[in-house]
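Read the structure below first, then the notes.
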Amino acid sequence: MDFAFDARTEELRARLLAFMDEHVYPAEPVAEEQRAALASPWDTPAVVEELKAEARRQGLWNLFLPDEEYGAGLTNLQYAPLAEITGRSPQLAPTALNCAAPDTGNMEVLAQFGSPAQRKQWLEPLLAGEIRSAFAMTEPEVASSDATNIETRIDKAADGSGDYVVNGRKWYISGAMNPECRIFIVMGKTDPDGPDVRRQQSMVLVPRDAPGVRVRRAMRVYGYEDHSHGGHAEVVFEDVRVPAADLVGEEGGGFAIAQARLGPGRIHHCMRLIGMAERAIELMCRRAVSRTAFGRPLAAQGQVGAWIADARVTVEQVRLLVLKTAWLMDTVGNRGAHTEIQAIKIATPRAVVDIIDRAVQLHGAGGVSQDFPLAELWASARTLMLADGPDEVHQRSLARRELKRYAEQG
Ligand SMILES: Cc1cc2nc3c(=O)[nH]c(=O)nc-3n(C[C@H](O)[C@H](O)[C@H](O)COP(=O)(O)OP(=O)(O)OC[C@H]3O[C@@H](n4cnc5c(N)ncnc54)[C@H](O)[C@@H]3O)c2cc1C
């Protein structure tokens, strides 16, 4: 077993670390200042476009896409430590490298299932970082962790034109508040009464400016509007006309596409989460050695050393599991790595939330303030116990597979 990264990964890591130091961290306060001066907080600060241009110039672009035709052609194992580094500045770095969710998953869907015309119209500008996109599945009215519950309708138009008509309400649609988000991949039912509950759904491409699309409001995340991620919108689709050519894949294939989309998405989230934990540990250590209470540095007080040690142990544990999962995805495919993908999706957010929480505690009031990134990091990590499938859904399915072996033995 070899725990070293290969030469290409090490070379990209070194370049990315330098890019973070020279460009990304210094841009964090600049982006905040620029956003405050924008006409709308959903617009993109100029410094973000500058970062994108610089990352592209340096070849740190579309690193997430394993398909060499479109992206850097890295394996999951090569991309994992790079995504981790971007997680240290989750508001800026993934976008700067054109590696931000939900665009990454949407680009993968278009690359894998899109028609040549769809790829030309939407994938090319997404790969070039000229537009953003959103993925619209979750609905306020139904338990959406069970995708068979989705109620949005994608019906054939009554006029015989072959067009579809979309009606439904979605929420927590990440990125949709950003005016540069031009395209939604919408999941709905084309065959709500079909016998196979996993073949009732389809996906269609809906331009943000199509008549009948209403981006109603920004949902908050523990009070944050999450401007840098383009927010999480409530979107209403009312008699939205979609040409048949804008169906993604085949009718009835929506559920399978959603499954295919979520595998890589989940591991990317976990990689970035580990970077968030590393940032929290770094902040925790800096604070512990630089602040004094009751005559001694915080580092020498009570539980602080144990918090730091536990954080280091935990982050090493989840990193190993994430890297093993990346390796499995590369060697036996996403299906073969299903159990491990679920395991990391259960283990990583909760471990990282705990680490960030300790870092918040060590920072006192500063920890919950806007002057440190910790509060926002905590909120962001905490939502990943829900988003892309709540923990309990993964636990249920993982336990079922584990128990099956014993049930078969009788
Ligand atoms: C910040 C953020 C961003 C998001 N971005 C997007 C996006 O871009 N696009 C999109 O479509 N959606 C997005 N979501 C929605 C997210 O994917 C859903 O919230 C998630 O799938 C859960 O669906 P739900 O909210 O309807 O919860 P429900 O399905 O109502 O579940 C509620 C709770 O019930 C419990 N539960 C459910 N099923 C089981 C089970 N089988 N066993 C045990 N317990 C269970 C769990 O505790 C679960 O948390 C986002 C959510 C957040 C918070």
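Counting convention: from 1, in listed order, for ligands and their atoms alike.
Residue contacts with ligand 1: E139 is placed with no nitrogen or oxygen under 3.5 Å of a nitrogen or oxygen of the ligand (distance criterion only). Looking at S145 next to ligand 1, an N or O pair under 3.5 Å apart turns up. Considering backbone and side-chain N/O of M137, one or more are found under 3.5 Å from N/O of ligand 1. The N/O atoms of T383, backbone and side chain alike, include none that comes under 3.5 Å of an N/O atom in ligand 1.
More than 12 heavy-atom neighbours from other residues, nucleotides or ligands sit within 6.0 angstrom of CD on E225. Within a 6.0 Å radius of CZ in R220, other residues, nucleotides and ligands contribute 12 heavy atoms or fewer.
Scanning the protein heavy atoms around atom 9 (N) of ligand 1, the nearest turns out to be F135 O, 2.8 Å. In this structure, the protein non-hydrogen atom closest to atom 41 (N) of ligand 1 is R396 NE, 3.3 Å. Scanning the protein for heavy atoms near atom 47 (O) of ligand 1, the closest one is E392 OE1, 2.9 Å. Nearest to atom 3 (C) of ligand 1 among the protein's heavy atoms is S174 OG, 3.4 Å. The protein heavy-atom contact nearest to atom 12 (N) of ligand 1 is T138 OG1, 2.6 Å. Protein heavy atom at the shortest distance from atom 38 (N) of ligand 1 is V393 CG2, 3.5 Å. Among all protein heavy atoms, the one lying closest to atom 24 (P) of ligand 1 is S144 N, 3.9 Å.
Protein heavy atoms all stay at least 4.0 Å away from atom 34 (O) of ligand 1. Distance check on atom 50 (C) of ligand 1: some protein heavy atom falls below the 4.0 Å cut-off.
Per-residue contacts place D388 under 4.0 angstrom from the following atoms of ligand 1 (heavy atoms of the residue considered): 17 (O). Below 4.0 Å from some heavy atom of L386 lie the following atoms of ligand 1, by number and element: 20 (C), 49 (O). For ligand 1, the atoms lying closer than 4.0 Å to a non-hydrogen atom of V142 are 26 (O).
Of the N and O atoms on the side chains of N106 and R261, at least one donor lies less than 3.5 Å from an acceptor on the other residue. Between the side chains of E139 and T152, at least one donor N or O lies within less than 3.5 Å of an accepting N or O. S161 and R241 are linked by a side-chain donor-acceptor pair at a separation below 3.5 angstrom, with hydrogens and angles left out of the test.
Every pair passing ring-ring contact (aromatic ring centres under 6.0 Å, His included) that includes a residue from residues 260-286 is listed here, sequence neighbours excluded: Y79-H268.
Of the listed options Y224, Y222, Y172, Y172 places a heavy atom closest to atom 7 (C) of ligand 1. The closest heavy-atom contact to atom 22 (C) of ligand 1, among the options G265, P390, A233, G389, comes from P390.
Partners of H232 according to the ring pair (Phe, Tyr, Trp, His ring centres under 6.0 Å) rule, which considers only residues two or more places apart in sequence or in another chain, do not exist here.
Shown are R401, Q395, R266; of these, the side-chain contact (heavy atoms from CB on, under 4.5 Å) with Q342 is made only by R401.
Closest approach of Y222 and A379 over heavy atoms only: CD1-CB, 3.9 Å.
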